[in-house]
Amino acid sequence: NVGNFHSDLAGSLGIPAGLYLTESAAAARSDGPTREQLHPGHRPATYEELAACLNLDKLRASDPSYREFESDPQVGPEKAEAAVHHQLKRLADYGAVAIVKLPSWARALGAKMVWKYKDPDAAHPGGRATARFTPKGFGEREGEHYEQWELPSPVASKLCQRACDISAVKRGACLEVCDVSGAFLYGHLAECKVIYVRGFPGLDLGDGNVLLLLRSVYGIREAPQIW
């Protein structure tokens with residue numbers, strides 16, 4: 001049992017379980033078909049392909065949160081639309097999704113866009129409107145999409161952070177806070193992971209088409225550990 005093996009090994013080394021899970025270990029969890037076997041020759045969707053599927057009128061009509069977002073005085077329709085296209089371009093640039101036909105036996109997760117206005121900072125003195133493509137990961141099923149040992153994701157505790165702060169002050173050192181833009185998109189999904197996602201409201205992929213995840217994205221349960 002790969003999960004038990006990693007837990008036992010992690011315990012003997014004093015490492016939190018799940019900290020170093022590799023793609024090869026993840027592959028051992030499944031004896032099912034791979035993405036390539038199910039969709040031979042599939043490739044990441046381009047920005048042009050994704051943008052061609054976007055219907056802003058439908059998005060506006062079906063998503064109240066988008067109407068609220070674009071009516072925000074700090075955002076407005078132009079910045080809201082630009083945020084959507086920026087997110088589609090980011091998905092394409094990272095090779096995060098492919099457009100494929102949904103097999104008759106498969107089930108696709110729902111999806112939505114999460115909207116946010118970020119206050120001005122050094123990089124964006126005028127503030128910025130952002131959109132994030134988010135599969136509804138609560139629809140994932142254990143044993144079908146993930147195993148329990150794929151979920152733990154070590155994070156810094158408040159005690160650890162305070163200890164770092166105190167140490168920096170005592171040494172007269174500087175503390176720098178870094179933000180990794182699009183962090184979860186850096187994570188590759190193991191080839192054995194087959195996760196289908198429907199387009200968010202306003203993204204019409206065509207009859208029977210869905211998005212096949214190729215990268216870890218915000219919203220799926222395994223994303224924090226993969227990152």
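- Residues passing the salt bridge (Lys or Arg N to Asp or Glu O under 4.0 Å) test with R35 are E191, sequence neighbours excluded.
- Shortest non-hydrogen contact noted between K193 and Y146 is NZ-CA, 4.0 Å.
- Atom CD of Q37 and atom SG of C192 lie 11.0 Å apart (nearest 0.5 Å).
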Report all side-chain donor-acceptor pairs from residues 78-86 shorter than 3.5 Å, counting only partners two or more places apart or in another chain.
unit_1: H85; atom_1: ND1; unit_2: Y47; atom_2: OH; d: 2.9

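- Residues meeting the ring-ring contact (aromatic ring centres under 6.0 Å, His included) test with F69, sequence neighbours left out: W115.
- P224 and I220 get closest at one heavy-atom pair: CD-O, 4.0 Å.
- Here S65 contributes atom OG and K112 contributes atom NZ; the two are 8.0 Å apart, rounded to the nearest 0.5 Å.
- Residues H39 and P103 form a side-chain contact, since some pair of their non-hydrogen atoms from C-beta on lies under 4.5 Å apart.
- Screening residues 162-184 for side chain to side chain donor-acceptor pair (under 3.5 Å) gives R90-S181, Q161-D165, S167-R171 as the qualifying pairs, with residues at least two apart or on separate chains.
- No side-chain heavy atom of N55 sits under 4.5 Å from any side-chain heavy atom of D204.
- Note that CG of L88 and CG of L203 are 6.5 Å apart. Values are rounded to the nearest 0.5 Å.
- For R221 and E142, the salt-bridge test fails: no basic side-chain N is under 4.0 Å from an acidic carboxylate O.
- Under a hydrophobic clustering in which Ile, Leu, Val, Met, Phe, Trp and Tyr are joined whenever their side-chain heavy atoms come within less than 4.5 Å, directly or via other members, V114 and V197 fall into different clusters.
- When atom types are taken as modelled, the side chain of E222 and the backbone of E150 share no donor-acceptor pair closer than 3.5 angstrom.
- Applying the ring-ring contact (aromatic ring centres under 6.0 Å, His included) rule to F200 yields no partners; only residues at least two apart in sequence or on another chain are considered.
- Listed by chain and residue number, K89 satisfy the salt bridge (Lys or Arg N to Asp or Glu O under 4.0 Å) test with D93 (two or more places apart in sequence, or in another chain).
- Separation of the Y218 and F133 ring centroids does not fall under the 6.0 Å cut-off.
- To the nearest 0.5 angstrom, S71 atom OG is 11.0 Å from R60 atom CZ.
- Residue L59 comes nearest to P201 through the heavy atom pair CD1-O, 3.0 Å, listed as atom of the first residue, atom of the second, then distance.
- Residue I166 is found outside any hydrophobic cluster, as its side-chain heavy atoms come under 4.5 Å of no other Ile, Leu, Val, Met, Phe, Trp or Tyr.
- With sequence neighbours excluded, no residue satisfies ring-ring contact (aromatic ring centres under 6.0 Å, His included) with Y117.
- A tilted orientation is assigned to the rings of Y186 and W227, their planes being inclined by 30° to 60°.
- With side-chain heavy atoms closer than 4.5 Å counting as contact, directly or through intermediates, the hydrophobic cluster containing Y196 also holds L38, V100, L102, W105, V194, V210, L212, L214.
- The two atoms that bring L185 and A96 nearest to each other are CD2-CB, 3.9 Å, heavy atoms only.
- A donor-acceptor pair under 3.5 Å is absent between the side-chain atoms of R198 and the main chain of L109, judged by distance alone.
- Transitive grouping of hydrophobic side chains (ILVMFWY, heavy atoms separated by less than 4.5 Å) brings L54 and L211 into a common cluster.
- Pairing each heavy atom of G199 with each of A111, the nearest pair is C-CB, 4.5 Å.
- In this structure, L175 places its CG atom where more than 12 heavy-atom neighbours from other residues, nucleotides or ligands lie under 6.0 Å away.
- Partners of E49 according to the salt bridge (Lys or Arg N to Asp or Glu O under 4.0 Å) rule, which considers only residues two or more places apart in sequence or in another chain, are R43.
- Residues meeting the salt bridge (Lys or Arg N to Asp or Glu O under 4.0 Å) test with R107, sequence neighbours left out: E144.
- For residues 127-138, every residue pair satisfying the side chain to side chain donor-acceptor pair (under 3.5 Å) rule, not counting sequence neighbours, is listed here: H124-R128.
- Following chains of ILVMFWY side-chain contacts shorter than 4.5 Å, one can reach Y94 starting from I226, so the two form part of one hydrophobic cluster.
- K101 NZ: more than 12 foreign heavy atoms inside a 6.0 Å radius.
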